[in-house]
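Here the structure is laid out as C-alpha cells; the discussion comes afterwards.
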There are 2 protein chains.
Amino acid sequence: MNHIPIADASNKCSTCLLGSFCLPVGLSIEDVAKVDTLVTERLRLKKGETLYRQGDALNAVYGLRFGTLKTHITLSDGREQITGFHLPGEIVGLDGIGDLHQQSTATALEDSEACIIPMADLESMARLLPSLQQQFHRILSREISQDHSHLLSLGSMRAEERLANFLLNLAERYSLRGYSGQEFNLRMSREDIGSYLGMQIETVSRLFSRFTEAGVLQIKLRNVKLLDVTALNEIAGQKSQR
Amino acid sequence: MNHIPIADASNKCSTCLLGSFCLPVGLSIEDVAKVDTLVTERLRLKKGETLYRQGDALNAVYGLRFGTLKTHITLSDGREQITGFHLPGEIVGLDGIGDLHQQSTATALEDSEACIIPMADLESMARLLPSLQQQFHRILSREISQDHSHLLSLGSMRAEERLANFLLNLAERYSLRGYSGQEFNLRMSREDIGSYLGMQIETVSRLFSRFTEAGVLQIKLRNVKLLDVTALNEIAGQKSQR
DNA sequence: CGAGCGTTTGAAATCGGTCAACAGCAGTGG
DNA sequence: CCACTGCTGTTGACCGATTTCAAACGCTCG
C-alpha cells in the first residue's frame with residue numbers, strides 16, 4: 001500500500017472528473033475549493049491488497065479514485081460475505097464510523113487508488129458547509145438503500161433473478177461513468193460474484209451458460225456483452241412468474 | 001395516524017428514558033436541552049398503520065418512542081422483503097434521505113408512537129452541536145453495518161443459522177432495553193419472520209418445532225422462552241456473542 | 001360460539017449445493 | 001518454446017435443504 005501526498009492542483013477534488021459522483025456533488029465552486037484541503041493524501045493499491053481490514057481503527061473514510069474494490073466480512077468459521085463492489089467515485093469505510101473500527105475489509109480487485117478523507121476533518125468541514133453535510137448524509141443514506149436492495153435480492157429472489165439484477169446494476173453504473181453498459185469486463189471472480197449473490201460458483205457459471213444459450217448475453221471468462229437487455233430485465237423480475 | 005403536539009416537559013428528549021439509545025447519546029445535558037426543541041410532535045400509530053410509505057416525500061426521520069415497527073420494500077410483482085424490525089429508541093426513515101423520498105414502508109406491528117425529527121432542523125442543529133452530528137453519523141453507520149450482518153445472514157447462512165441469529169439478536173436488544181432476553185413475545189408473524197430471513201413460513205414453523213424438540217427453546221405461538229442460549233449460539237455459528 | 005386467520009405438519013417436488021472431473025489460460029522455469 | 005503447475009471456470013451427476021402443495025389444527029375476535 002503506497003502513500004501518495006497530493007501536491008499538484010490537478011489531483012484535487014476541484015479538478016477531479018469524479019466530482020459528479022463523489023463528495024463534491026451539489027457544492028458550489030468555492031465550497032469544492034475548501035474540500036480540496038480535506039484530501040491531502042491518497043493510497044495506491046495493487047490488485048489483491050487491502051485498503052483496510054475488519055477490526056482496524058478508523059479515522060478516515062475513502063473515496064475511490066480509480067480501480068475497483070470489494071468490501072467483505074468474514075465469519076469466525078471462515079465463510080465470507082461480500083457486501084459490495086465499489087467503482088470510482090464511491091466512498092467506502094462508512095460502516096466503520098459507528099464504533100470507529102472497520103466492520104469489513106476492503107480489497108482491491110485491480111490496481112486502484114483511494115483518496116483519504118479524515119473523518120474529523122470531514123465532520124468539522126461539514127459543520128461549516130451545509131451542502132457538504134447534506135451530500136455526506138445522502139451518501140450514507142444511499143448506502144443504506146442499496147443494501148436494502150441487496151437484501152431484497154438475497155431474501156426474495158431466485159438465483160437467476162439475482163444474477164440478472166447484478167449485471168443490470170453493473171451496466172448502469174458503468175454507463176453513468178461513461179463506459180459502455182453493453183460490454184464490460186467483470187473485475188471480480190466467479191467466487192466473488194457467488195459470495196455477493198449468495199450462491200455457489202457452479203451456480204454462477206451454469207447461469208451464465210444458460211443466459212448465453214438463451215441469447216441474452218455473451219460471456220468469455222470475464223468479458224460480458226449484453227445482447228438483449230429487455231430479456232435480462234424480464235429475468236430480473238420486472239415482471240416475474242411463479 | 002394521530003398527531004400529538006408535545007406540550008409538557010415529561011415528553012421531551014431530556015427526560016425520555018430512551019435517551020441512551022436514541023439521538024441524545026453522547027450529548028451533554030445542555031445539548032440535550034437543545035435537542036428538545038427539535039422534536040415538537042409525535043405520531044401515534046395503531047397496529048397495522050403505516051408511519052410512511054415507499055415513495056412518500058421525506059422531510060423528517062422518526063425516533064420510535066414505544067412499540068415495534070417493520071420496514072419493508074415491495075417489488076412490482078408483489079413480493080415483499082422486510083429490511084428491519086425496529087424497537088424503541090431506534091431511528092427509522094434513514095434510507096430515504098438520499099433522494100428525499102422514502103425507499104421503504106414502515107408499518108406498526110403493535111400500537112406505537114414515533115417522534116418526528118425534521119431533517120432540516122436536525123441538520124442545522126448538527127452543525128451547531130458536534131456531539132449531535134457525531135451521534136447521527138454513528139446511527140447512520142450502524143444501520144449500514146447491521147444491514148451488512150443481515151446480508152451475511154441471507155447470503156451465507158443456512159435457514160437454521162439465520163433463525164438462531166435472529167432470535168439471539170432480538171434477545172440482546174430486549175436485554176439492552178431492560179426486558180428479559182430469555183423470554184419475550186414476538187411482535188411479528190411467521191410470515192414477517194420468513195420475509196426478513198428469506199425463507200417460507202413453513203420453514204420458520206418447522207425450525208421452531210425442531211428447536212423445541214432439541215430443548216433449545218419453548219415457543220407457544222408468539223411467546224418464546226430461550227432454554228439453552230449456549231446451544232442457540234452454537235447453531236447460530238458463533239463461538240462467542242457478537 | 002363460529003368464522004377466519006395464523007400456524008403447524010406431512011408428502012412430494014425442485015432449485016441450488018456438493019462432489020468430481022476436466023478444460024483453458026497464465027505464469028514459471030528449464 | 002514448451003512442459004509443468006496452479007488457478008479459474010465449466011460441466012455433469014447426484015443429493016438434500018428448502019419450497020411447494022395440501023390439509024388440519026387452534027387462537028382470536030366479532
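Just so we're on the same page: letters track the sequence lines, and every chain starts at 1.
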Starting at atom [atom1] of [X], determine the distance to atom [atom2] of [N], rounded to an integer number of angstrom.
X	N	atom1	atom2	result
Met188(B)	dC5(C)	CE	P	22 Å
Asp192(B)	dG6(C)	CG	C1'	11 Å
Leu163(B)	dA17(D)	CG	C1'	15 Å
Met157(B)	dT18(D)	CE	P	13 Å
Asn223(B)	dT8(C)	CG	P	13 Å
Arg79(B)	dT19(D)	CZ	C1'	14 Å
Leu207(B)	dT19(D)	CG	P	9 Å
Glu213(B)	dG10(C)	CD	C1'	13 Å

*Do the side-chain N or O atoms of Ser209(A) get closer than 4.0 angstrom to the phosphate oxygens (OP1, OP2) of dT11(D)?*
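Checking dT11(D) against Ser209(A), a side-chain N or O does come within under 4.0 Å of OP1 or OP2.
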*Give, for atom SG of Cys22(B) and atom CG of Leu17(B), the distance between the pair rounded to the nearest 0.5 Å.*
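Between Cys22(B) SG and Leu17(B) CG, I get 12.0 Å after rounding to 0.5 Å.
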Return the polar atom pairs (N/O with N/O) between nucleotides 11-13 of chain C and the protein under 3.5 Å, or none.
unit_1	atom_1	unit_2	atom_2	d
dA11(C)	N6	Arg206(B)	NH2	3.4

Let me have the donor-acceptor pairs involving side chains of residues 212-226 of chain B, under 3.5 Å, with sequence neighbours excluded, atom names and distances please.
unit_1	atom_1	unit_2	atom_2	d
Thr212(B)	OG1	Phe208(B)	O	2.7
Arg222(B)	NH1	Arg187(B)	O	3.3
Asn223(B)	ND2	Asn185(B)	OD1	3.2

*What residues form a side chain to side chain donor-acceptor pair (under 3.5 Å) with Thr68(B), not counting sequence neighbours?*
Glu110(B)
*Does Asp99(A) have any side chain to side chain donor-acceptor pair (under 3.5 Å) partners at least two apart in sequence or in another chain, and if so, which?*
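If we apply the side chain to side chain donor-acceptor pair (under 3.5 Å) test to Asp99(A), skipping adjacent residues, the hits are Gln103(A).
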*Could you list all the ring pair (Phe, Tyr, Trp, His ring centres under 6.0 Å) pairs where at least one residue sits in residues 178-206 of chain A, not counting sequence neighbours?*
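Passing the test, one end in residues 178-206 of chain A: Phe85(A)-Tyr196(A), His150(A)-Tyr196(A), Phe166(A)-Tyr196(A), Tyr174(A)-Phe184(A).
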*Verify, without hydrogens or angle tests, whether Glu172(A) (side chain) and Asn169(A) (backbone) share a donor-acceptor contact under 3.5 angstrom.*
no
*Sorted by first residue and then second, give each side chain to side chain donor-acceptor pair (under 3.5 Å) pair with at least one member in residues 82-97 of chain A; sequence neighbours left out.*
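Matches after skipping sequence neighbours: Thr71(A)-Thr83(A), Thr71(A)-His86(A), Glu90(A)-Arg173(A), Glu90(A)-Arg177(A), Asp95(A)-Ser104(A), Asp95(A)-His148(B).
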*Return each pair, listed once, that meets salt bridge (charged side-chain N to carboxylate O under 4.0 Å, His left out) where at least one residue sits in residues 139-149 of chain B; pairs must be two or more places apart or across chains.*
none
Polar atom pairs between nucleotides 24-26 of chain D and protein, under 3.5 Å, N or O only, would you list them?
none

Check the interface with nucleotides 6-8 of chain D: list each N/O to N/O pair with the protein under 3.5 Å, or write none.
none

*For the helix from dC1(C)-dG30(D) to dG30(C)-dC1(D), how many degrees between its two end axes (five pairs per end), to the nearest 10°?*
40°
*Strictly below 4.0 Å, heavy-atom distances to any atom of DNA chain D: list the hits from residues 196-203 of chain A, or just say none.*
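When residues 196-203 of chain A is checked for heavy atoms under 4.0 Å from DNA chain D, the hits, listed by number, are Glu202(A).
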With 3.5 Å as the limit, what N/O pairs link the protein to nucleotides 22-28 of chain C?
none

